[in-house]
Amino acid sequence: MSGWGLYFVFLIPPLIIGFVVQAWLKKTVAANMQVAVANGMTGADIARQILDRNGLHDVPVDTSPGGPLSDHYDPRKKSVHLSEPVYGGRSVASTAIAAHEVGHAIQHAKAYAPFRLRSAMWPAVAFASQAWLFLLMIGLFAQITGLMTFAVILFAVVVLFQLVTLPVEFDASRRAMAQISDLGLVSTGESQGARKVLTAAAMTYVAGALAALSQLAYWLLILSRR
């Protein structure tokens, strides 16, 4: 099979899956943003209540400047950051997303092993993700196999990071569902919508890992042919 044929086989199907999953996530979040929670609490209220119930009184809840779906937990500052629709939203989606980010704060506090591993890997991954493609292109044009191999090794570090991220994200969603259910923050019907939001979000990480693995396999095959 030609190089272009391999490219399409290894890279295009995961790319299509990624687009489909992203569309599913946006549709699921948008639909559940329209479903109000009976308790009338905002995402910020939900996050604060779960944090306090778990003894994390010193973890602040702030707005995220990144726009929709920019919600995250910052382990360096030990702070939860929620996008405006989630921070001030009083919906099933805002409840689920806020609880998920607090799930990461709980992981941090409890020294959850995959979370600690992902945090430890981040400095190396930050370099590798910026450098690998640049080095690979130089290696390809200059026909330097050793440089290409080093670039692919760097990319493998990025892929490993994405694989480690999977249990971290799934566990955060599991913790989120347990917290909002145990604390009575959602009804039975609302919990179903929250679970749909968290499942769709988790699948974006699965799709990303699949795409990264497929791309890594492509470059390993190219290297093996050299």
Side-chain angles (χ1 to χ4, degrees), residues 10-29 32 47 50 54 64 66 68-76 78 80-83 86 93 95-130 132-133 152-181 191-220:
F10 279 90
L11 304 183
I12 298 304
L15 186 64
I16 294 173
I17 292 173
F19 280 129
V20 171
V21 172
Q22 280 290 339
W24 175 33
L25 173 62
K26 290 179 180 179
K27 181 179 179 180
T28 303
V29 170
N32 284 281
I50 298 175
N54 286 272
S64 172
L69 301 181
S70 63
D71 313 271
H72 65 282
Y73 170 71
D74 188 338
R76 296 165 300 177
K78 294 186 178 181
V80 172
H81 299 264
L82 303 176
S83 61
V86 173
T95 294
I97 295 170
H100 174 87
E101 299 310 330
V102 174
H104 289 308
I106 296 173
Q107 289 175 335
H108 195 178
K110 293 184 178 296
Y112 177 60
F115 181 90
R116 293 177 62 190
L117 176 59
R118 186 177 72 166
S119 297
M121 290 178 64
W122 173 245
V125 172
F127 167 76
S129 62
Q130 295 291 326
W132 81 271
L133 186 58
V152 172
I153 291 173
L154 289 180
F155 182 57
V157 173
V158 177
V159 175
L160 178 61
F161 179 80
Q162 290 185 288
L163 293 177
V164 171
T165 293
L166 292 179
V168 175
E169 294 300 328
F170 277 97
D171 180 76
S173 291
R174 181 190 63 79
R175 293 176 191 268
M177 287 304 305
Q179 290 291 325
I180 60 178
S181 297
S191 68
Q192 294 176 355
R195 192 177 300 278
K196 289 179 180 179
V197 170
L198 294 174
T199 299
M203 286 302 103
T204 63
Y205 290 96
V206 174
L210 175 63
L213 280 170
S214 184
Q215 190 173 5
L216 178 60
Y218 169 78
W219 287 115
L220 287 173

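Numbering of residues begins at 1 and proceeds along the displayed sequence. Keep in mind it's a predicted model, so treat the numbers as computed, not measured.
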4.5 Å side-chain heavy-atom contact, [X] and [Y]:
| X | Y | value |
| --- | --- | --- |
| Met203 | Leu25 | no |
| Leu15 | Phe19 | yes |
| Ile180 | Met177 | yes |

If I take atom [atom1] from residue [X] and atom [atom2] from residue [Y], how far apart are they, to the nearest 0.5 angstrom?
| X | Y | atom1 | atom2 | value |
| --- | --- | --- | --- | --- |
| Leu216 | Trp132 | CG | CH2 | 9.0 Å |
| His72 | His104 | NE2 | NE2 | 10.5 Å |
| Tyr112 | Ser119 | OH | OG | 12.0 Å |
| Leu154 | Phe127 | CG | CZ | 6.0 Å |
| Leu210 | Gln162 | CG | CD | 10.5 Å |
| Leu198 | Asn32 | CG | CG | 10.0 Å |

For [X] and [Y], which heavy atoms make the closest approach, and how far apart are they?
| X | Y | result |
| --- | --- | --- |
| Val21 | Ala200 | CG1-O, 4.3 Å |
| Phe155 | Ala212 | CE2-O, 3.6 Å |
| Ser83 | Asp71 | N-OD1, 2.7 Å |
| Leu69 | Val29 | CD2-CG2, 4.4 Å |
| Ala172 | Gln107 | N-NE2, 3.3 Å |
| Met121 | Val157 | CE-O, 3.9 Å |

Donor-acceptor contact below 3.5 Å, side chain [X] vs main chain [Y]:
| X | Y | value |
| --- | --- | --- |
| Asp171 | Pro167 | no |
| Glu101 | Leu82 | no |
| Ser64 | Ser70 | yes |
| Ser214 | Ala211 | no |
| Ser181 | Ala178 | no |

Query raised in the report: Quick one: ring pair (Phe, Tyr, Trp, His ring centres under 6.0 Å) partners of His108, sequence neighbours excluded?
Result: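 His108: ring pair (Phe, Tyr, Trp, His ring centres under 6.0 Å) contacts with Tyr73, Phe115.
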**Report entry** Check against side chain to side chain contact (heavy atoms under 4.5 Å, CB included), Val168 and Leu117
**Finding:** CA-CA 10 Å; Val168 175; Leu117 176 59; over 6 Å; no
Query raised in the report: Is it true that atom CZ of Arg116 has more than 12 heavy atoms of other residues, nucleotides or ligands lying nearer than 6.0 Å?
Result: no
Report summary line: Partner of Arg175 under side-chain contact (heavy atoms from CB on, under 4.5 Å), picked from Ile106, Asn54, Val102, Ile50, is Ile106
